[in-house]
Amino acid sequence: MNILVLGSGGRENALAWKLAQSPRCDTLLTAPGNGGSTNALDLDPLDFEGLAKAIQTHNIQLLVIGPEQPLAHGLVDYLKQRTDLGPLKVVGPSQKAALLESSKDFAKGFMNRNNIPTAEHKTITAETLVEGFRFIDQLQAPYVLKADGLAGGKGVLILSTADEAKRELSLMLNPQKNRSEASKVLIETFLHGMECSVFVLTNGTDYVLLPTAKDYKRVGEGDTGLNTGGMGVVAPWPHTSPEFLNEVAQTIVEPTLKGMAKEGQPYTGFLYVGLMVVQGKPYVIEYNCRMGDPETQAVMPLIKSDLIPWLEAAAAGPWPTGTLEWNSGVASTVVLCSKGYPGSYETGLPLRLPESDSALVFQAGTRKTETQLLSQGGRVLAVTGLGETLPEALQQAYEYLDALNWSGGFYRRDIGYEWLNNESR
Ligand code: AMP
Ligand code: GLY
């Protein structure tokens, strides 16, 4: 079959890498892709008509949607209405199901209605600001404020005093001072625990769990500095056990799928559940309606089975018998960023990638000219090492990045630090 992966990041290159290995795959295309993509189509993921045309032209039978924006804008609904696209299968949730990511207010209400464990919260608007102040006074520091709506990881503030929290809350809801569109802000209790990401692939009723992961979101070593899209990954999350996965399935995944179906919006496609594990008990911090980036770059190499039958089933159809097998061992991903990221940075800097027979190199913010490869974004490469142990996996990734020695960028040298007995690199 011909497969199109929509998106332009390292996540999409990792999906394409995995799917191209399947004997079921004839041609793998990406749109718009990046410097590391083969068969890239020059298409904006929000140009639904252009996309439908490309699906016809290239006789695409399976479309895998990488990023959240086209999902939140209703791409799956649009393509389902088009009866002229042949036997197309689309992996991703409907616009209404994607509200689990695109509206934090919806997600919180949904979790409360369905008894899914999550931090206590209150949703505040400009009219109910005083109620927000009162709620802050009832909570203990630190304070978590989240703008409703898609914010690309930048909508969350964690503040250490009640005064700061009140000031920021007022600013976020003040239309004169705030240029973003947050008309609602959520105040949440802060959960102290360990973060873990769980990935689900589902047709709305049946589901399978993919390898878990731990993402490093802060730009600085020791988890300091600004939040980013993700600086590195360890997969599986080192505390994953059959009992833990069973608890996540029973208390979170199944109530989520049943709740969405009951509310008339069955959830299909990839579901990424961001958890805080507090004394062994998982709480949902956020849902995302897609795979994580850079988690996918560590998760895909850990999947042993052919993913295509599971994607087809998640798009439309009967669930495969058998299990989705994971490889043993560990994957770790380290992200090479442009200097300055997540603030402003230069683009157009040349990169020369060494050959590697050990590390997997997934390009992200790159573009190819006729003669060279150039940097194009904040997160430039995601380099994944595989090993029987975490130190072995990390060594592969770091050896590659050390050899590349790119003067335009930087990377965190402490990915996996919690599990390395304070070894420094
Ligand atoms: P989000 O965009 O919802 O994933 O939040 C970004 C980051 O903020 C998360 O990865 C957590 O590290 C942190 N965070 C969000 N909500 C909470 C919470 N209720 N308690 C503790 N940390 C949180
Ligand atoms: N790595 C975090 C995300 O994809 O949202």
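When a ligand or atom number is given, it counts from 1 through the structure's own listing order. Positions are given from 1, in the same order as the sequence printed here.
Checked by distance only, ligand 2 and D293 come closer than 3.5 Å through their nitrogen or oxygen atoms. In terms of polar-atom proximity, E195 is counted as a contact of ligand 1, with an N or O under 3.5 Å from an N or O of the ligand. Checked against a 3.5 angstrom limit, the closest N/O atoms of L191 and ligand 1 fall inside it.
Residue contacts with ligand 1 for K104 involve side-chain atoms from C-beta outward but no N, CA, C or O (heavy atoms, distance under 4.0 Å). Residue-level proximity to ligand 1 for T189 is carried by the backbone, the only part with a heavy atom below 4.0 angstrom.
For ligand 2, the atoms closer than 4.0 angstrom to any heavy atom of G292 are 4 (O). For ligand 1, the atoms sitting less than 4.0 Å from at least one non-hydrogen atom of K217 are 10 (O), numbered in the order shown with element in parentheses. Ligand-side atoms of ligand 1 in range of M276: 21 (C), 22 (N), range being under 4.0 angstrom from any heavy atom. Within ligand 2, the atoms closer than 4.0 Å to a non-hydrogen atom of E295 are 1 (N), 2 (C), 4 (O), numbered from 1 in the order shown. Within the listing of ligand 2, atoms 1 (N), 2 (C) sit less than 4.0 angstrom from a heavy atom of G229. Of all the atoms in ligand 2, the ones that sit under 4.0 Å from a non-hydrogen atom of R290 are 3 (C), 4 (O), 5 (O). Atom numbering of ligand 1 starts at 1 in the shown order; those under 4.0 Å from a heavy atom of V144 are 16 (N), 18 (C). Taking a cut-off of under 4.0 Å to the non-hydrogen atoms of E188, the atoms of ligand 1 that pass are 16 (N), 18 (C), 19 (N). Atoms of ligand 1 lying under 4.0 Å from any heavy atom of K146, numbered from 1 in the order shown and given with element: 3 (O), 15 (C), 16 (N).
Heavy-atom distances between D215 and ligand 1 stay at or above 4.0 Å for every pair.
Classification of R413 and E221 as a salt-bridged pair fails, no side-chain N sitting under 4.0 Å from a carboxylate O. A salt bridge links E418 with K214: the distance from a Lys NZ or Arg NE/NH1/NH2 to an Asp or Glu carboxylate oxygen falls below 4.0 Å.
Atom CG of D42 is surrounded by 12 or fewer heavy atoms from other residues, nucleotides or ligands within 6.0 Å.
Between Y78 and F48, the ring-plane angle classifies as tilted under the 30° and 60° cut-offs. Y272 and F199 have perpendicular rings, their planes meeting at more than 60° on a 0 to 90° scale where under 30° would count as parallel.
A side-chain N or O of Y207 and one of E254 form a donor-acceptor pair less than 3.5 Å apart.
Scanning for side-chain contact (heavy atoms from CB on, under 4.5 Å) contacts around P236 gives T212, T240, L302, with sequence neighbours left out.
For the pairing with T333, the side-chain hydrogen bond (donor to acceptor under 3.5 Å, both in side chains) check across D293, T384, D215 returns one residue only, T384. Tested against Q363, the residues L351, V380, L381, L336 include a single side-chain contact (heavy atoms from CB on, under 4.5 Å) partner, L381.
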Side-chain atoms of residues 244-253: list all donor-acceptor pairs with protein atoms under 3.5 Å, sequence neighbours left out, distances to 0.1 Å.
unit_1 : atom_1 : unit_2 : atom_2 : d
N246   : OD1    : Q250   : NE2    : 3.4
T251   : OG1    : E247   : O      : 2.8

